[in-house]
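For reference, the structure is listed below as structure tokens.
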Number of protein chains: 2
Amino acid sequence: MAVSVREVAAAASVSVGTVSNVLNRPEKVAPETVARVLAAIEELGFVRNDAARQLRAGRSRSIGLVVLDVRNPFFTDVARGAEDRAAEDGMTILLGNSDDNPDRERSYLDLFEEQRVHGVLISPRSDDLPRLERARSRGVPVVLVDREAPDRSFSSVAVDDVVGGAMAVRHLVESGRRRIAFVGGPSSIRQVADRLEGARLAAAETPGITLEVVETAGTTVLEGRAAGEAIRDRAPEYRPDAIFCANDLLAVGVLQALIMLGDLRVPRDIALIGYDDIDFAQAAVVPLSSIRQPAWLIGYTAVDLLLREARDGPDFEPEQVQFQPELVVRDSTGR
Amino acid sequence: MAVSVREVAAAASVSVGTVSNVLNRPEKVAPETVARVLAAIEELGFVRNDAARQLRAGRSRSIGLVVLDVRNPFFTDVARGAEDRAAEDGMTILLGNSDDNPDRERSYLDLFEEQRVHGVLISPRSDDLPRLERARSRGVPVVLVDREAPDRSFSSVAVDDVVGGAMAVRHLVESGRRRIAFVGGPSSIRQVADRLEGARLAAAETPGITLEVVETAGTTVLEGRAAGEAIRDRAPEYRPDAIFCANDLLAVGVLQALIMLGDLRVPRDIALIGYDDIDFAQAAVVPLSSIRQPAWLIGYTAVDLLLREARDGPDFEPEQVQFQPELVVRDSTGR
DNA sequence: TCTACGCTTTGAAACGATTCACGACGAACG
DNA sequence: CGTTCGTCGTGAATCGTTTCAAAGCGTAGA
């Protein structure tokens, strides 16, 4: 059924070795022979079998990427950055999304290991570092995305979420807000926990500021809407005067609840700030203030580190790249 | 370096065949032996080499999916549907995005063929059907997503974009609009062309309706903003009183240009309707009317067809599934 | 005691591309 | 004319898993 090098070789009256050379090192083969082999390939419709290739090579030409949620534009931007850098070296990205589920995360890791990927990029949900250690000890480079290893044992590309969280709350406080609510969860997600920590630090800087936590089960628009409805339905005196959402998706949901399904005004009654500065933040009902992260660059840099680690082998020195978040002020916090 | 079945076999004092059986048909092996082999696997840290597995099996356990743009939430939803259905059969989705670039589309197809994927889902940009024919003739099932084959020679899952386009314009006309602009492009994208065709049909139904086409180079928020700015900057008498965008991303961009960067009011000055009904449509500055498509279901169904085709072999009868679009009215068309 | 049967296990063959030591050939050189 | 060198091409060995015909072994029935 499938056409193999052997048949191509027969058709072109050369050996299989020559066919392989035409495919991989054409300059080593006489031009005339190259032409003959290419003609045979064309005629027979030969397509290289990547599995056989990989088997021989020992590893594949792809890189695994596990993200928390593909539906979040932030992560698709990261993926694009990764894809672009990978393409420069003729590599491919295998994209998996864990949905913040440790089992899914693990199953993607297993899958990637079986595929003998060139390396794994992961924004690990849980603190399953031992597992990552093991992968690495098997020779699979691992780069942490959007998260740093506690002991700097892994390379990582991250943005300081504690600083970002503090930025957001400091901005709210400076705009005159006092009763702040943090909407986000679950706290098992590192990003969420860090942003909250930053928020706490910033809140503590000024006396009289209260910081309440409204925990959500996830970070989607839907969950944001639910949290927003809960806040909207409180008696006015129990409502916060500002909300900081762990990401823009949540903020969009909160916005829907407050404005569209309720009759609160943003920012008059409640100020709102999100995180990630996705494309839609700017076009929201009330343009959303947010904390911007260089998503594309994160992905690009992560693959870059990964490839360097793969090249240098086990004596590679892990490297931590840290980007700084940036405050983007729009109407939702009362410009 | 890497641990192979051979070493596991040696460690457990069995043959390689038995190790393989433990992995694939444990019920055929004596329980005690299974335990011994599993212990050896655990101890040596054995990980199956998928390349070798595939080489033997002849094809991989993944399905290729080429989408036009991963940044469009519509397509990530399709991808999620596909992933969910694939997972039911222990398969994986390989995601590639063509960016509406025929070269990229082709290179992903090549890649998938080399990987010996189980099949390919594609929303083909160009009319490169011959290429798809060829892939299929090599035994790779192909299912068209969001597009139908002219001659019904391929299975497909689609939504009738002509009907959807007509729906949108009919709604605008019924709301009292007369001078309609269609924003979208390039027309080489089938979805864009079809939606425009539907728009033309609907416009022709009522005398006195004009339909102008504002062609864009792509379907992103950015391009929408550019088109919106061009329209905004016209003298009032040359402005349309309604805009139909080929997708929600464009509509969001137009919205930004009209309202945030300009001072036109939606829907008072101009009504606006998009397409896809992505999550953000509802939370836009002015909640966006749109034409909804069952994205997740499209992906799910496409994989389902694909797997059926793979099972039934070459005598499979191509099947066309067609979903109906649905009008969602929100403020942007003046509810 | 012998045959038949079922349950386990065995191990060589196969999948297809790549590699590499080696051979063939011709040209250049002394 | 013999030697050396360079260019091309060869084909067996290899990667790791799965498959499958066959064999080993114990038990039950004849």
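Quantities reported herein were computed from a predicted structural model and do not represent experimental measurements. When reading the values below, keep in mind they use all heavy atoms of this one structure, side chains included, and skip hydrogens, waters and symmetry mates. A, B, ... follow the sequence lines: proteins, then strands. Residue 1 opens every chain.
- With sequence neighbours excluded, the residues satisfying side chain to side chain donor-acceptor pair (under 3.5 Å) with A/S62 are A/S60.
- A side-chain donor-acceptor contact under 3.5 Å links B/R116 to the backbone of A/R48.
- Rounding to the nearest 0.5 angstrom, the gap separating the CG atom in A/L94 from the CD1 atom in B/I93 is 11.5 Å.
- The interatomic distance linking B/R48 (CZ) with D/dG16 (C1') rounds to 12 Å, in whole Å.
- Annotated stems with DNA chain D as a participant read C:1-30 with D:1-30, given as range with range, by first number; only runs of 3 or more Watson-Crick or G-U pairs under 3.5 Å qualify.
- Rounding to whole angstrom units, CD of residue B/Q115 and P of C/dG16 are separated by 16 Å.
- Proximity of A/S4 to the phosphate of C/dG16: no side-chain N or O atom is located under 4.0 Å from OP1 or OP2.
- Once rounded to the nearest 0.5 Å, the distance linking CZ of A/F74 with OG1 of A/T219 reads 11.5 Å.
- For A/K28 and D/dT7, the NZ to P distance is 8 Å, given to the nearest whole Å.
- The phosphate of C/dT18 (OP1 or OP2) has a side-chain N or O of A/N24 nearer than 4.0 angstrom.
- Closest heavy-atom contact between B/V159 and B/Q322: C-OE1, 3.5 Å.
- Remark: the A/R56 side chain and the C/dT18 base include a donor-acceptor N/O pair separated by less than 3.5 Å.
- Other residues, nucleotides and ligands contribute more than 12 heavy atoms inside 6.0 Å of the CD atom of A/E27.
- Between A/E27 atom CD and D/dG9 atom P there is a gap of 13 Å when expressed in whole angstrom units.
- Judged by distance alone, with hydrogens and angles left aside, the side-chain atoms of B/R71 form no donor-acceptor pair with the main-chain N or O of A/R80 at under 3.5 Å.
- One can place CD of B/E32 at 12 Å from C1' of C/dT8, the figure rounded to the nearest angstrom.
- Atom CG of A/L55 and atom P of D/dC15 are 9 Å apart (whole Å).
- Among the protein residues, A/V19 comes within range of no part of the nucleic acid, since none of its heavy atoms lies under 4.0 Å from any strand.
- A residue-by-residue look at A/R25 and B/A30 shows that B/A30 has its nearest nucleotide of DNA chain C further toward the 5' end.
- The closest donor-acceptor contact from the side chain of B/E148 to the backbone of B/S155 lies at 3.5 Å or more, if one exists at all.
- At the phosphate of D/dT10, OP1 or OP2 sits under 4.0 Å from a side-chain N or O atom of A/T18.
- Here D/dG16 is the nucleotide among D/dG16, C/dG16, D/dT18 with the atom lying nearest to any side-chain atom of B/A2.
- Atom CD in A/E114 sits roughly 15 Å away from atom P in D/dG16 (whole-Å rounding).
- Not one side-chain nitrogen or oxygen of B/T33 sits closer than 4.0 Å to the OP1 or OP2 atom of C/dT8.
- Within the 4.0 Å cut-off from OP1 or OP2 of D/dT18, at least one side-chain nitrogen or oxygen of B/R53 is found.
- The interatomic distance linking A/N49 (CG) with D/dC15 (P) rounds to 18 Å, in whole Å.
- With DNA chain D read from its 5' end, the first of the two nearest nucleotides for A/V34 and A/R6 is the one closest to A/V34.
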